[in-house]
Peer 1: 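Structure incoming, see below.
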Amino acid sequence: MKTYKIALIPGDGIGQEVMGPARGVLDEVAALCGFQLDYEHFPWGCDYYLANGRMMDADALERMKAFDALYLGAVGDPARVPDHVSLRELLIAIRQGYDQYINLRPVRLLEGIPGPLRSASIDMVCVRENSEGEYAGLGGRFKKGTADEVATQTAVFTRKGVERVLRYAFELARSRPRKQLASATKSNACQHSMVFWDEVALEIGKEYPDVKLTSYHVDALAARMITHPHTLDVIVASNLFGDILTDLGGALQGSLGLPASANLDPEKRFPSMFEPVHGSAPDIAGKGIANPMAAVWAASMMMDHLGEPAAAGILLAALEAVARGGQVRTADLGGTHNTTEMADALRSEARKIHAASRRVSASDPR
Ligand code: GGG
């Protein structure tokens with residue numbers, strides 16, 4: 001039986017609570033589709049940091065190279081470990097170490113979960129640059145603690161980095177019916193980096209005459225996501241802009257318990273990493289009430305990346321069925337069901353969807 005090797009990093013807070021149940025849904029779908037997943041669990045995160053002085057082992061990136069994909073929960077325990085240590089030394093270390101330069105985040109309303117807006121039509125994908133920009137990590141603190149203190153955080157935009165993320169976004173826009181690309185800029189204030197970004201967008205755009213490119217200042221784009229979400233198709237944004245816009249996207253979807261994210265090395269030189277967009281949510285951690293839907297959506301993206309479209313489709317259809325059904329709702333969606341109950345509902349829908357697809361193929365005269 002085909003077996004994929006998956007590095008499982010539940011991480012912190014609700015990451016530890018959603019990954020087990022989400023993995024149960026994924027394993028069930030894999031079995032239905034005739035393959036299996038062989039997980040190795042890595043205990044990296046803030047507990048590990050407090051015990052060992054590092055967020056993950058020194059040879060972590062070397063060891064995980066042998067895996068087909070990484071499946072990550074959440075990172076952060078701000079009461080015990082500064083957020084900039086936990087995020088940089090785990091999540092960002094993996095993204096940058098494996099040159100996962102695309103962070104793909106669908107923003108789509110599921111029928112049955114209306115979201116806060118009147119508009120019923122929200123179906124966009126954000127392509128976030130994931131290897132440089134504002135997250136490059138360049139800068140420093142000088143004269144710390146004095147009245148003359150200086151802090152710098154330098155954003156880095158390379159031609160290679162900007163060209164490749166824009167090209168990926170144009171390709172994605174080309175593959176979608178509306179063929180529209182919204183580029184997030186701020187060239188009126190950032191006269192070097194963002195003017196460069198805009199110039200490269202126009203250059204690459206010449207290779208894609210069938211795609212309509214529109215540049216929006218990121219603040220105006222954030223407003224447009226609320227006032228005219230139906231006009232947006234593919235969005236391309238720098239690392240920080242993309243992070244902010246996609247949290248807004250999650251809110252538009254009705255809950256941060258829903259959106260998922262794929263950190264991709266499109267050339268497959270290194271394993272890619274799949275995660276819910278949400279963080280460790282210390283406010284609800286330990287209660288068993290976190291929504292596993294985002295982790296299951298991330299699993300669907302992982303299956304797509306591994307070339308298992310049937311499994312990806314069943315996982316997504318199960319999410320849609322539970323959303324549409326309206327019976328099972330975790331607290332973030334206004335309900336009282338817990339993490340396990342939501343995962344059980346997703347498993348049950350996945351089984352039904354698989355059985356229905358077998359009935360259809362059995363009755364197909366071809
Ligand atoms: N699910 C991964 C996680 O914990 N994300 C929290 C976070 O703050 N992410 C920032 C980012 O994606 O750049």
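Order of listing sets the numbers, starting from 1, for every ligand and every atom in it.
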Peer 1: Which ligand 1 atoms does R105 reach within 4.0 Å, using its non-hydrogen atoms?
Peer 2: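 Selected atoms, number and element: 12 (O).
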Peer 1: Applying a strict 4.0 Å limit to heavy atoms, is G73 in contact with ligand 1?
Peer 2: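 Yes.
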Peer 1: Any carboxylate oxygen within less than 4.0 angstrom of a Lys/Arg side-chain nitrogen, looking at D77 and R80?
Peer 2: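 Here D77 pairs with R80 in a salt bridge, since their nearest N and O are under 4.0 Å apart.
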Peer 1: For the residue pair E163 and I204, establish whether any side-chain heavy-atom pair is separated by less than 4.5 Å.
Peer 2: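 Yes. Closest side-chain heavy atoms under 4.5 Å.
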Peer 1: Can you check which of A281, G11, G279 brings a heavy atom nearest to atom 6 (C) of ligand 1?
Peer 2: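 Selected option, by shortest heavy-atom distance: G279.
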Peer 1: Given side chains that start at C-beta, do those of R329 and I113 come closer than 4.5 Å, heavy atoms only?
Peer 2: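 A side-chain contact exists here, since the closest heavy-atom pair is under 4.5 Å.
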Peer 1: Where is the nearest protein heavy atom to atom 4 (O) of ligand 1: which residue, which atom, and how far?
Peer 2: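 Atom 4 (O) of ligand 1 sits closest to the protein heavy atom V75 N, 2.8 Å.
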Peer 1: We want to know whether S131 and R164 form a side-chain donor-acceptor pair, criterion being a heavy-atom distance below 3.5 angstrom.
Peer 2: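 Judged by distance alone, the side chains do pair up.
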Peer 1: Between R128 and ligand 1, which part of the residue brings a heavy atom under 4.0 Å of the ligand: side chain, backbone, both or neither?
Peer 2: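 Contact part for R128 vs ligand 1: side chain (C-beta onward).
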Peer 1: Only heavy atoms of P276, strictly under 4.0 Å: list the atoms of ligand 1 that pass.
Peer 2: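 Reading through ligand 1 atom by atom, the close ones are 1 (N), 2 (C).
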Peer 1: Of F274, Y98, F42, which is the lone residue that meets ring-ring contact (aromatic ring centres under 6.0 Å, His included) with F67?
Peer 2: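 The single option meeting the ring-ring contact (aromatic ring centres under 6.0 Å, His included) with F67 is F42.
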Peer 1: Is there side-chain contact between V236 and F170, with heavy atoms separated by less than 4.5 Å?
Peer 2: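 SC-SC contact between V236 and F170 ruled out.
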Peer 1: Nearest to atom 8 (O) of ligand 1, what protein heavy atom do you find, and at what distance?
Peer 2: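 Sorting protein heavy atoms by distance from atom 8 (O) of ligand 1 puts L87 CD1, 3.9 Å first.
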Peer 1: Identify which of E275, H278, R95, M273 has a heavy atom lying nearest to atom 12 (O) of ligand 1.
Peer 2: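 It is R95 that holds the nearest heavy atom.
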Peer 1: Say whether M273 and M303 are linked into one hydrophobic cluster, either directly or through other cluster members, by side-chain heavy-atom distances under 4.5 angstrom.
Peer 2: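 No; tracing contacts between hydrophobic side chains, which count when under 4.5 Å, never links both residues.
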Peer 1: Select one of side chain, backbone, both or neither to describe which atoms of E134 lie under 4.0 Å from any atom of ligand 1, heavy atoms only.
Peer 2: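 Near ligand 1, E134 shows nothing, with every heavy atom at 4.0 Å or more.
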